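What follows is one structure encoded as structure tokens, with my remarks underneath.
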There are 2 protein chains.
Amino acid sequence: MSAIQGARERARAEVTAAIKEEARRQVAREGAVKLSLRAVARELGMVSSALYRYFPSRDDLLTALIVDAYDALGAAAEGALATADGREPLERWSAVCRAVREWALAHPHEYALIYGSPVPGYSAPQATVVPASRVALALLTVVLDAHAAGALRAPEGAVVPEAVGADARALAGTLGIELPEAALTGFTAAWAQLFGLVSFEVFGQFNKVVEAREEFFAHAVAALGRATGLPWTSQSD
Amino acid sequence: MSAIQGARERARAEVTAAIKEEARRQVAREGAVKLSLRAVARELGMVSSALYRYFPSRDDLLTALIVDAYDALGAAAEGALATADGREPLERWSAVCRAVREWALAHPHEYALIYGSPVPGYSAPQATVVPASRVALALLTVVLDAHAAGALRAPEGAVVPEAVGADARALAGTLGIELPEAALTGFTAAWAQLFGLVSFEVFGQFNKVVEAREEFFAHAVAALGRATGLPWTSQSD
DNA sequence: GCAAAGCAAGAGCACCGCTCTCGTTGTTGG
DNA sequence: CCAACAACGAGAGCGGTGCTCTTGCTTTGC
């Protein structure tokens with residue numbers, strides 16, 4: 001990022017990073033509930049009160065971890081998008097979804113941190129909204145590209161209610177994109193539904209119900225992409 | 001249930017209920033993380049150690065609340081199903097979904113308790129699986145009735161992968177129901193996706209994205225029902 | 001070179017989950 | 001009927017938590 005000026009600032013950056021790293025390790029091992037400032041300080045060989053020079057409270061440390069988790073998941077999604085560049089829309093869509101699922105399964109506690117119950121306050125801190133949008137934007141890219149190529153089918157089904165269409169227009173304006181109301185509305189629903197599939201698997205709701213998890217997910221996600229209007233060849237799944 | 005024998009057992013049942021009630025109040029107000037045995041005991045005018053005569057640990061108290069929450073949500077879903085009896089399949093489907101959403105919005109912390117990050121251990125205690133299935137069974141009833149009436153459309157899209165179909169057959173066997181593999185697979189996905197929609201709204205992921213929450217939900221849920229194969233008239237939404 | 005700011009350390013506060021002991025009280029079998 | 005027993009409430013206490021405040025030391029900037 002920016003050049004580090006003196007030894008003090010460098011030390012501060014390093015200690016801050018070390019705290020976050022140890023905290024992330026604890027969250028990954030035991031979950032956010034078990035994260036303890038004292039344990040982090042102990043592991044780092046400092047006294048607990050010293051840690052408050054770097055994070056004003058436990059919730060602030062957790063918020064930093066939340067931002068990092070959003071960024072890591074977003075990077076995974078964007079990486080999958082880049083790797084699937086040039087392929088069919090539905091394949092790109094599925095690739096991003098698969099990356100989300102795999103990251104979630106590899107980091108269940110960090111996934112729970114961002115898509116489980118919000119643990120500090122009720123409204124997410126402002127700092128989290130940009131990193132949080134990265135997955136959605138990766139998915140949206142697929143839809144936008146398909147639309148630009150004239151390959152996006154109009155979603156079947158009922159007409160979009162006026163208030164919902166207004167939301168879609170406002171959102172399109174905010175993002176500076178061009179997409180039919182129905183398509184953007186359907187995409188928003190698919191975005192939320194994707195995380196329903198992932199959360200149910202990560203949180204154990206599919207126990208004794210779905211065993212072939214990966215195949216089920218691929219199948220469901222492909223259907224989700226088709227419902228969003230992405231074109232498909234007869235064999236794609 | 002069973003007749004209460006002596007004064008002691010009656011007292012025990014009453015104290016147990018009072019503890020759960022106060023604990024539920026605390027969870028509803030501050031969330032599961034803030035639930036404190038000592039605070040519950042204090043509020044009930046007893047000493048904290050006495051509470052351990054009724055619940056062996058904090059996690060056991062939480063588990064009891066989880067079971068109650070599943071039951072309350074299940075009852076809401078079943079109530080909606082009963083109220084919508086005799087109406088069109090898609091209306092019944094939407095009614096159950098709406099009941100789930102409304103319960104979740106009315107009891108966000110209790111919803112987070114059951115569909116957010118699992119807070120005690122990783123695998124849900126055995127006692128939770130039956131109450132947890134009530135919502136799914138209410139939704140499934142709609143699909144089964146439509147199928148029995150010959151009104152269920154075959155889901156379009158790719159063929160169901162073999163392993164996924166095997167899961168569907170096994171599940172149909174366990175439940176003692178008759179439903180085509182593709183339909184049951186699609187239903188399972190829709191079930192998870194429904195909770196994606198609800199969780200995103202309850203957990204604040206729709207902030208600054210969807211404002212017309214109720215209309216959006218109704219629209220998305222109707223599409224979900226149609227994707228599952230429920231028949232629809234041109235005007236239903 | 002010195003004042004100001006940043007920092008680590010320690011003591012301490014109020015709270016937590018949980019355990020153990022000790023009288024008391026309701027239950028029950030002889 | 002009453003003695004043995006089991007369940008119970010109260011209290012003290014242990015090790016842990018988040019967080020604050022004070023006390024010196026060190027680095028920084030004028």
Side-chain angles (χ1 to χ4, degrees), chain A residues 2-20 22-27 29-66 109 113 118-121 125, chain B residues 2-20 22-27 29-66 109 113 118-121 125:
Chain A
S2 59
I4 295 178
Q5 307 247 352
R8 185 154 244 171
E9 293 182 29
R10 182 201 309 275
R12 181 173 182 86
E14 277 176 12
V15 174
T16 304
I19 291 171
K20 280 210 299 190
E22 176 59 32
R24 177 163 39 248
R25 194 163 21 235
Q26 286 194 19
V27 167
R29 195 181 333 118
E30 308 240 44
V33 176
K34 297 288 190 65
L35 172 64
S36 149
L37 289 189
R38 291 182 113 110
V40 169
R42 208 179 303 130
E43 207 68 27
L44 263 50
M46 41 166 76
V47 91
S48 71
S49 61
L51 212 143
Y52 285 82
R53 299 270 174 198
Y54 301 89
F55 294 93
S57 80
R58 182 180 179 278
D59 278 1
D60 288 87
L61 215 195
L62 262 181
T63 300
L65 294 185
I66 288 173
H109 284 120
L113 202 59
V119 343
Chain B
S2 59
I4 294 179
Q5 307 245 352
R8 185 155 244 170
E9 292 183 29
R10 181 199 310 273
R12 180 172 184 86
E14 278 177 11
V15 174
T16 303
I19 291 171
K20 281 209 299 189
E22 175 59 32
R24 177 162 40 247
R25 194 159 26 231
Q26 286 195 18
V27 167
R29 195 180 334 118
E30 308 240 44
V33 176
K34 297 288 191 65
L35 172 64
S36 148
L37 289 189
R38 290 182 113 111
V40 170
R42 207 179 305 130
E43 208 68 26
L44 264 51
M46 43 165 84
V47 91
S48 72
S49 61
L51 212 144
Y52 285 82
R53 301 272 177 200
Y54 301 89
F55 294 93
S57 80
R58 181 181 180 277
D59 276 2
D60 288 270
L61 215 195
L62 262 182
T63 299
L65 294 185
I66 288 174
H109 283 119
L113 202 58
V119 357

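On a predicted model such as this, the values are computed, not experimentally measured, just so you know. Quick note on labels: first sequence line is chain A, next is B, and so on, each numbered from 1.
- Side-chain N or O atoms of Arg42(B) include none that pairs as donor or acceptor with a backbone N or O of Leu37(B) at under 3.5 Å.
- For Ser57(A), whose side chain is taken as the heavy atoms from C-beta onward, the closest listed nucleotide among dC16(C), dC20(C), dC19(D) is dC19(D).
- Contact check, Arg58(A) against dG18(D): a side-chain N or O comes under 4.0 Å of OP1 or OP2.
- In the interface, the side chain of Arg38(A) is not paired with the base of dG16(D) through any donor and acceptor atom under 3.5 Å apart.
- Taking 4.0 angstrom as the limit, Ser36(B) places a side-chain polar atom (N or O) nearer than this to OP1 or OP2 of dC16(C).
- One cannot find a donor-acceptor pair under 3.5 Å joining the base of dG6(C) and the side-chain atoms of Arg12(A).
- Between Leu62(B) atom CG and dC18(C) atom P there is a gap of 10 Å when expressed in whole angstrom units.
- Taking atom CG of residue Leu35(A) and atom P of nucleotide dG16(D), one finds them 17 Å apart after rounding to whole Å.
- Candidate nucleotides dA9(C), dC16(C), dA10(D) were compared by shortest atom distance to the side chain of Arg42(B), and dC16(C) ranks first.
- Residues Asp60(A) and Ser57(A) bring a donor and an acceptor atom of their side chains to less than 3.5 Å of each other.
- Nearest nucleotide to the side chain of Ser49(A), out of dG10(C), dG11(D), dC16(C): dG10(C).
- A donor-acceptor contact shorter than 3.5 Å is absent between the side chain of Arg25(A) and the backbone of Lys20(A).
- Comparing dC18(C), dA8(C), dG18(D) by their nearest atom to the side chain of Tyr54(A) picks out dA8(C).
- If you take CG of Leu51(B) and P of dA10(D), they are 11 Å apart, rounded to a whole angstrom.
- Regarding Glu9(B), its CD atom lies at a distance of 16 Å from the C1' atom of dT25(C), rounded to whole Å.
- Rounding to whole angstrom units, CZ of residue Arg53(B) and P of dT19(C) are separated by 12 Å.
- Between the CD1 atom of Ile19(A) and the P atom of dG18(D) there is a distance of 13 Å, rounded to whole Å.
- Taking 4.0 angstrom as the limit, Tyr52(A) places none of its side-chain polar atoms (N or O) nearer than this to OP1 or OP2 of dG10(C).
- Not one side-chain nitrogen or oxygen of Arg10(B) sits closer than 4.0 Å to the OP1 or OP2 atom of dG26(C).
- Per the geometry, CG belonging to Leu37(A) stands 15 Å off P belonging to dA8(C), to the nearest Å.
- For Val33(A) against Arg58(A), the heavy-atom pair with the smallest separation is O-NH2, 3.3 Å.
- Comparing Gly45(B) and Pro56(A) against DNA chain D, the residue whose closest nucleotide sits nearer the 5' end is Gly45(B).
- Enclosure of atom CD in Glu43(A) is not indicated, since only 12 or fewer non-hydrogen atoms of other residues, nucleotides or ligands lie within 6.0 angstrom.
- Atom NZ of Lys34(B) is separated from atom C1' of dT17(D) by 14 Å (rounded to the nearest Å).
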